[in-house]
Colleague: 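So that we are looking at the same thing, I have put the structure below in structure tokens.
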Amino acid sequence: GISHEIRTPLNSILGYAQLLENDPAMPSHRLQAIRVIRGSGEHLLSLIEGTLDIARIEGGRLSVDLRPLDFSTFIAQLVQMFEQQAASKGLAFRYEVQGSLPELVRADRKRLGQILINILGNAVKFTSQGSIVFRLRYQRDMAHFEVEDSGPGILEHELERIFEPFARGSAGDAANCGGTGLGLPISKLLTELMGGDLTVRSTPGAGSVFGVRLLLPRLHAGAPEPDAAPVLRSGYAGTRRRILVVDNDRNDRELLAEILTPLGFIVGQAASGQECLQCHAGFAPDLILMDLAMPGMDGWEASHLLRTGHGCTVPIGIVSANAYDKGLPNPAGIGADDFFTKPVQLAELLDWIGRRLQLEWIAPAAASAITPPGQPQLPPPAQLAPLRAQVKAGYMRGIKQQLDIIAALGEPYLHFVDIMRAHAQRFELEAMARLLEPGAPYATND
């Protein structure tokens, strides 16, 4: 219930912050304020997601998704990400690998990344001087990760408590580093869920060493399925499609309308399950986006009645702040793949709409259409390499963080940053990758 009540206004906060960032009429001196709003909203969202992750793990409702993983590339991307973060704080970062690594392993990329990013991120956050060492040893299908820092360390009687939700060590509190207090508990629970273990040893005033041991079976044949290329879209081909948005919150309805209408969709709105049933026949939607918690008739009941009593066969997607309902049995038979948790991830929702309606997306205009006059100057290689890694991984938050770091280098690179941010706001990963290709016709200052 608390999750739902927080997610509902947060959907509007993050959604409109994104729209304002994309608005070319927004004065440049106000963009930083918008970014602060977005960053604060994302921090609040991380609290909600972390709490729900713990509830799902402890309730046995979170499972691992094991797939082939390009292990060396995955580790290289992590190293590049944290090399840059450490360098921005004046810290040394060393990556030490013992022996050779397998090309492919079977792993849950998302959960493995979540564990390592939490631990490496804490090491960088709590270390004010010195170094971070990331060690990796792979032997007999077992991966041994170790992260050593020269931070404030952890008192002996606090070593167990740091794995409790919302708990923090006193040394970290003294350093005023903030954080949600959920990263380590989630990492420990995920590690145990995946059949491994997470250990820590620490000396107050001298630093800490976190170790993760996980079974990651080597794959000797085949190759991992390539990640789907990011879809760039400014509209779609063919007849105009109708989407009915059902939500008792006017702000949430209008947010979805503002996202969908510019792409060419005809958007209808209903403020309740009952109103959805009444307007369904007249509007004749090709697809329905349904909220769950609505007064009177909730979204599950409305979806069930549409299917059984109104002859509705069009796709129904759930867009709800009731995150805990995802994947649960329901009277409409709607699966987890058709369930989107608020705040809505725009690219994920549009991908689903495209699949369900079998749309042929139209790519936006060429990059030159948004490039200001004059050629931008590329940043130095030390900043360019991590940015390339984030673009290749499609990690939008990481891309924006790297661009903030480059912007701090000063005036020569602001033109480049403005162009890249414009592409990032439109999720144009392919255009960003083209601008970062070696030999691009831009002046450099290596």
Side-chain angles (χ1 to χ4, degrees), residues 1-12 15 48-49 52 55-56 59-63 65 239-257 259-261 265-346 348-359:
I2 293 172
S3 170
H4 176 271
E5 293 305 316
I6 295 175
R7 281 176 182 275
T8 298
L10 193 58
N11 189 54
S12 298
I48 301 167
E49 296 289 1
L52 283 175
R56 290 188 184 105
R61 293 192 56 241
L62 189 144
S63 58
D65 180 18
T239 58
R240 301 301 87 188
R241 307 300 180 90
R242 294 173 173 266
I243 296 180
L244 179 60
V245 177
V246 186
D247 197 313
N248 66 300
D249 189 296
R250 178 180 176 182
N251 291 331
D252 284 0
R253 295 197 310 271
E254 292 184 350
L255 173 61
L256 285 174
I259 291 170
L260 297 170
T261 302
F265 294 103
I266 301 170
V267 179
Q269 299 185 28
S272 67
Q274 187 62 46
E275 187 176 326
C276 168
L277 298 181
Q278 292 170 354
C279 71
H280 166 258
F283 184 69
D286 298 292
L287 181 144
I288 298 172
L289 298 177
M290 180 79 72
D291 187 24
L292 289 183
M294 296 182 289
M297 182 186 297
D298 69 10
W300 289 133
E301 183 181 358
S303 299
H304 174 65
L305 291 175
L306 283 170
R307 290 283 190 248
T308 59
H310 291 255
C312 175
T313 59
V314 304
I316 299 177
I318 300 298
V319 180
S320 173
N322 289 9
Y324 212 74
D325 285 3
K326 185 171 184 175
L328 293 180
N330 59 83
I334 295 174
D337 290 342
D338 299 326
F339 194 118
F340 301 90
T341 303
K342 296 178 181 177
V344 177
Q345 297 296 319
L346 174 59
E348 181 184 353
L349 179 63
L350 292 178
D351 283 344
W352 178 82
I353 291 173
R355 289 193 304 271
R356 287 303 214 161
L357 296 181
Q358 297 182 331
L359 299 178

Colleague: Could you pull out all residues at least two apart from Leu359 that satisfy side chain to side chain contact (heavy atoms under 4.5 Å, CB included)?
Modeller: Tyr236, Arg241, Phe265, Ile353, Leu357, Trp361
Colleague: What's the shortest heavy-atom distance between Ser303 and Ile316, and which atoms?
Modeller: OG-CG2, 3.8 Å
Colleague: Heavy atoms, side chains only, cut-off 4.5 Å: are Val319 and Asp247 in contact?
Modeller: no
Colleague: Which residues pass the ring pair (Phe, Tyr, Trp, His ring centres under 6.0 Å) test with Phe283, sequence neighbours left out?
Modeller: none
Colleague: Could you tell me the separation between the CG atom of Leu306 and the CE atom of Met290, rounded to the nearest 0.5 Å?
Modeller: 5.0 Å
Colleague: Would you please name every residue forming a ring pair (Phe, Tyr, Trp, His ring centres under 6.0 Å) with Trp352, sequence neighbours left out?
Modeller: Phe340
Colleague: Would you call Cys312 and Ile288 a side-chain contact if the rule is heavy atoms closer than 4.5 Å?
Modeller: yes
Colleague: Can you list the residues that meet the side-chain hydrogen bond (donor to acceptor under 3.5 Å, both in side chains) rule with Arg250, with sequence neighbours excluded?
Modeller: Glu254
Colleague: Drop me the distance from Arg242's CZ to Leu287's CG, to the nearest 0.5 angstrom.
Modeller: 13.5 Å
Colleague: By salt bridge (Lys or Arg N to Asp or Glu O under 4.0 Å), which residues pair with Arg355, not counting sequence neighbours?
Modeller: none
Colleague: Check whether any side-chain heavy atom of Leu289 sits under 4.5 Å from a side-chain heavy atom of Leu349, and report yes or no.
Modeller: yes
Colleague: Name all residues meeting the salt bridge (Lys or Arg N to Asp or Glu O under 4.0 Å) criterion together with Arg356; count only those two or more places apart in sequence or in a different chain, and write none if there are none.
Modeller: Asp338
Colleague: So, applying side chain to side chain contact (heavy atoms under 4.5 Å, CB included) with Ile243, which one of Leu256, Thr261, Leu260 is it?
Modeller: Leu260
Colleague: Applying side chain to side chain contact (heavy atoms under 4.5 Å, CB included), can you list everything that pairs with Leu292, at least two apart in sequence or on another chain?
Modeller: Trp300, Ile318, Ser320, Asn322, Asp325, Phe339
Colleague: Got a sec, which residues hit salt bridge (Lys or Arg N to Asp or Glu O under 4.0 Å) with Glu301, two or more places apart in sequence or on another chain?
Modeller: none
Colleague: Could you tabulate the donor-acceptor pairs under 3.5 Å formed by side-chain atoms of residues 269-281, not counting sequence neighbours?
Modeller:
residue, atom, partner, partner atom, Å
Gln269, OE1, Arg253, NE, 3.1
Ser272, OG, Glu275, N, 3.0
Glu275, OE1, Ala271, N, 3.4

Colleague: Considering residues at least two apart in sequence or located in another chain, which fulfil the side-chain hydrogen bond (donor to acceptor under 3.5 Å, both in side chains) criterion with Asp252?
Modeller: Asn11, Ser12, Lys342
Colleague: Applying salt bridge (Lys or Arg N to Asp or Glu O under 4.0 Å), name anything that partners Asp286, two or more places apart in sequence or on another chain.
Modeller: none
Colleague: Between Leu244 and Pro285, which heavy-atom pair has the shortest distance, and what is it?
Modeller: CB-CB, 3.9 Å
Colleague: Counting heavy atoms not belonging to Asn251, are there more than 12 under 6.0 Å from its CG?
Modeller: yes
